[in-house]
Structure formats: structure tokens, C-alpha cells
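Computed over heavy atoms, backbone and side chain alike; hydrogens, waters and symmetry mates excluded. This chain uses plain numbering: 1 for the first residue, then up along the sequence.
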Amino acid sequence: MKKVTLVLSDGTKFHGQSFGYDAPAAGEVVFNTAMMGYPESLTDPSYAGQILTFTFPLIGNYGVPPFTIENNGLPTFMESDHIYPSAIVVSDYCANYSHWNAVESLGDWLRREKVPGITGIDTRQLTKVLREQGVMMGKIIFDDEPDNIPEANYEGVNFVDQVSCKEVIRYNEGAGKKVVLVDCGVKANIIRSLIKRGVEVIRVPWNYDYTDMDFDGLFLANGPGDPDTCQDAVDIIRKQMSMSNKPICGICMGNQLLGKAAGATIYKLKYGHRSHNQPVRLVGTEQCYITSQNHGYAVDATTLGEDWKELFVNMNDGSNEGICHKSNPWFTCQFHPEACSGSVDTMFMFDKFVETLK
């Protein structure tokens with residue numbers, strides 16, 4: 001394996017070996033503390049533009065499942081059609097995988113999709129640096145190609161536009177209620193969770209004006225990057241809310257976009273929430289849920305309009321985890337109820353949304 005170096009924007013260097021595609025890469029370096037689920041994480045569009053560090057020391061031991069498509073058009077074992085992070089960083093890569101459903105190794109998958117991977121790095125120390133200094137840009141440089149240095153930007157880049165669908169896609173046509181899903185980088189299991197509840201899903205691009213369409217509810221999906229780059233989506237949400245009180249539900253980026261439409265401002269978290277174990281409390285109760293999350297920005301709940309209130313809060317840092325309107329059926333969550341792999345304690349969010357459809 002070729003020797004490579006991860007160089008952070010503050011000059012910190014970590015030396016390791018390449019086990020993926022042998023090419024330099026750049027992106028925002030983030031970490032995920034989940035113990036499993038790397039096929040799902042790697043195919044999550046919310047990681048676009050990022051170098052993903054797995055804190056769990058052993059990665060690759062159960063290989064990679066086959067890429068198969070269900071009758072509904074969704075991938076069976078993945079969250080999208082390809083890998084989205086710019087590169088991945090692990091402590092100990094396991095090339096000899098063992099799992100009944102595996103068809104290839106993680107390294108083979110990375111090479112096939114031309115995504116770099118580094119192993120042999122002290123991910124514990126790297127994570128400590130990111131926690132203390134905050135997420136920062138990084139570059140993966142091959143030691144035998146010191147002049148081949150990539151460049152990348154994250155701040156201000158509209159990654160949602162890069163990962164969103166480009167045309168309208170329909171699922172479960174002719175079923176019950178119709179739900180317009182705004183695709184900001186939607187995970188397959190969000191669509192699957194809606195289909196399982198007997199609704200027709202109309203997936204539209206992030207900046208598509210759906211306000212004249214025939215539908216019963218609006219669903220705002222997850223996505224990568226800074227929601228402040230998605231003003232077109234916010235303007236269309238505001239237009240929809242001014243025309244109708246049809247139900248609206250949002251997840252992750254959807255929470256932030258509805259928050260902006262409600263007058264709130266967005267701020268960047270120091271190192272984000274990327275894990276399967278974030279504790280979230282339902283406001284006004286002592287109910288606490290363990291949630292799966294993947295986001296680097298949050299809604300400043302103190303800036304919400306007077307007709308809005310917080311629905312969930314994070315028990316670790318007090319950041320917003322969801323909002324709701326005081327009278328209309330408009331509500332969101334910052335976490336992922338549909339997480340796969342991950343906790344599914346909050347799948348009731350989908351039930352609540354479908355129940356509000358008239």
C-alpha cells in the first residue's frame with residue numbers, strides 16, 4: 001500500500017497507507033462515532049465534499065453488500081447509487097471480510113468507485129484535534145507525488161445542487177395520499193419509510209416550484225452543506241406556507257430549511273453531530289430518545305418567529321433538534337428517524353406526518 005499523508009488546514013499531519021483508490025483528495029474533515037453502518041454512511045449524500053473519519057477502530061470486517069435495486073426503484077442495502085464522501089480515514093482496515101451478504105471488500109468498493117481511503121492513522125488523536133479545534137479542511141497527499149496537491153472548498157458551496165435529482169421522480173404511483181418530497185440529497189430509507197406507509201412520493205429537485213402541483217403533504221429531505229446556500233428552496237417553502245396549511249415535515253437539512261422559512265438563522269456547529277447515539281429530548285416532557293444524526297449546522301431556536309417553537313433539543317449541547325408551528329401541522333426533526341443502520345426509536349415521526357394528511 002502506498003504511503004499517504006492527511007494534512008489539516010492548521011498544518012497538523014497524519015501519516016498512513018492507502019487502501020482505496022490511489023489519488024489525492026481534499027474536503028472538510030469530519031468524524032462519525034458509529035460502531036457500524038459504513039455502507040450506509042458512505043452512500044449518504046449528506047457527506048458530499050467531506051473526508052469522513054470513522055472513530056470505531058476496525059472498519060471493513062463485514063465487507064460490502066451487493067448493489068441491488070428493489071421493485072420500487074430504491075437500492076436494497078445502500079442509501080443512494082454511489083459513494084459520496086471525498087475520501088475516508090480509518091484506524092485499522094480489515095481486508096479479510098466475513099458476512100453472509102458481502103460480495104466485495106471495502107477496499108475493492110472504494111477502488112471501483114475511485115474514492116481514496118487511508119488506514120493506519122491514529123483516528124483517536126485526529127478526532128481529539130477536530131473536537132478541540134473544530135472541523136477543518138484537509139488534503140490527502142501521496143508521499144511519492146508531493147506536487148500533486150488537490151484543492152477543495154466547503155464553505156459557501158451549494159452541495160445540495162450537486163446531489164439533488166434533476167427531474168421529477170414518482171414512487172408508489174396511484175397509492176393513497178400524495179407527498180411532494182424536496183430532494184436535497186435524500187436517503188433511500190426516507191423514501192422507503194414513506195412508501196411503507198401507503199403514500200405516493202413525488203420526488204422533486206431542491207429548487208423546484210411545486211406550489212401549483214396536486215399533493216397532500218410536503219416532505220423536506222436531508223442534504224449536505226450549508227442551508228444558507230439554498231435560498232431558492234426557502235423561498236418556495238415560504239410561498240407554499242402562504243398559500244396553504246398543508247402538512248409539512250422535514251428531516252435534517254429539512255429542519256434547517258423550514259427553520260429559515262420560519263425566520264430563524266443558521267449557525268455552524270464546532271464539529272457537528274455524526275453518530276448513532278445522540279440523546280434528544282421532546283420539549284415539554286422528560287421523554288428522551290437515542291437518535292442517529294449527520295449534520296454540521298443547526299437552527300438558532302431563539303430567532304424563530306413567534307408562531308413557532310422548539311420540538312426537540314439535544315441533551316449534549318442544547319442545540320435545536322426540531323421545530324413545529326403552534327397551530328399548523330408543520331414540524332421537523334434534525335435527527336434521522338429512518339436511520340439504517342442506527343436507532344429507530346423515532347420512526348413515529350413518519351406515522352405522525354402521514355396521519356396529518358387529509
Short question: side chain of [X], backbone of [Y] - any donor-acceptor pair under 3.5 Å?
X      : Y      : answer
His336 : Glu338 : no
His276 : Met35  : no
Asn153 : Glu155 : no
Arg197 : Glu355 : no
Asp92  : Pro57  : no
Thr43  : Glu79  : yes
Asn222 : Lys187 : yes
Ser164 : Asp161 : no
Asp183 : Cys165 : yes
Ser105 : Ala95  : no

Notebook entry, point to check: Which of these, Lys178, Lys177, Lys246, sits in a salt bridge (charged side-chain N to carboxylate O under 4.0 Å, His left out) with Asp214?
Noted result: Lys178

Notebook entry, point to check: So, are Glu28 and Lys268 salt-bridged, with charged N and O less than 4.0 Å apart?
Noted result: yes

Under a 3.5 Å threshold, yes or no: a donor from one side chain and an acceptor from the other, between [X] and [Y]?
X      : Y      : answer
Gln231 : Asp235 : yes
Asp226 : Thr229 : no
Asn314 : Gln278 : yes
Asn328 : Asp307 : no

Could you pull out all donor-acceptor pairs under 3.5 Å where a side-chain atom in residues 113-124 meets a protein atom, sequence neighbours excluded?
{"residue": "Glu113", "atom": "OE1", "partner": "Ile83", "partner atom": "N", "Å": "2.8"}
{"residue": "Glu113", "atom": "OE2", "partner": "Trp109", "partner atom": "NE1", "Å": "3.0"}
{"residue": "Thr119", "atom": "OG1", "partner": "Ser91", "partner atom": "O", "Å": "3.2"}
{"residue": "Thr119", "atom": "OG1", "partner": "Tyr93", "partner atom": "N", "Å": "3.1"}
{"residue": "Asp122", "atom": "OD1", "partner": "Arg124", "partner atom": "N", "Å": "3.2"}
{"residue": "Asp122", "atom": "OD1", "partner": "Gln125", "partner atom": "N", "Å": "3.1"}

Next item on the list: Have a look at His273 and tell me which of Asn294, Asn32, Asp317, Asn316 forms a side-chain hydrogen bond (donor to acceptor under 3.5 Å, both in side chains) with it.
Entry: Asp317

Contact summary for [X] and [Y], nearest pair of heavy atoms:
X      : Y      : result
Arg238 : Ala261 : NE-O, 3.3 Å
Leu257 : Ala233 : CD1-CB, 4.2 Å
Met241 : Leu258 : SD-CD1, 3.9 Å

Notebook entry, point to check: With under 30° as parallel and over 60° as perpendicular, where do the rings of Phe350 and Phe219 fit, or are they tilted in between?
Noted result: parallel

Next item on the list: Give me the ring orientation class for Phe312 and Tyr289: parallel if the planes are under 30° apart, tilted from 30 to 60°, perpendicular past 60°.
Entry: perpendicular

Checklist line | Heavy-atom check, side chain of Pro337 versus side chain of Phe348, under 4.5 Å | finding: no

Check: Under 4.5 Å between any side-chain heavy atoms of Val30 and Leu52, yes or no?
Finding: yes

Notebook entry, point to check: Going through the checks in order, is the side chain to side chain donor-acceptor pair (under 3.5 Å) test met by His325 and Ser327?
Noted result: CA-CA 6 Å; His325 194 270; Ser327 58; 3.3 Å; yes

Check: About how many Å separate CE of Met253 and OG1 of Thr332, when rounded to the nearest 0.5 Å?
Finding: 13.0 Å

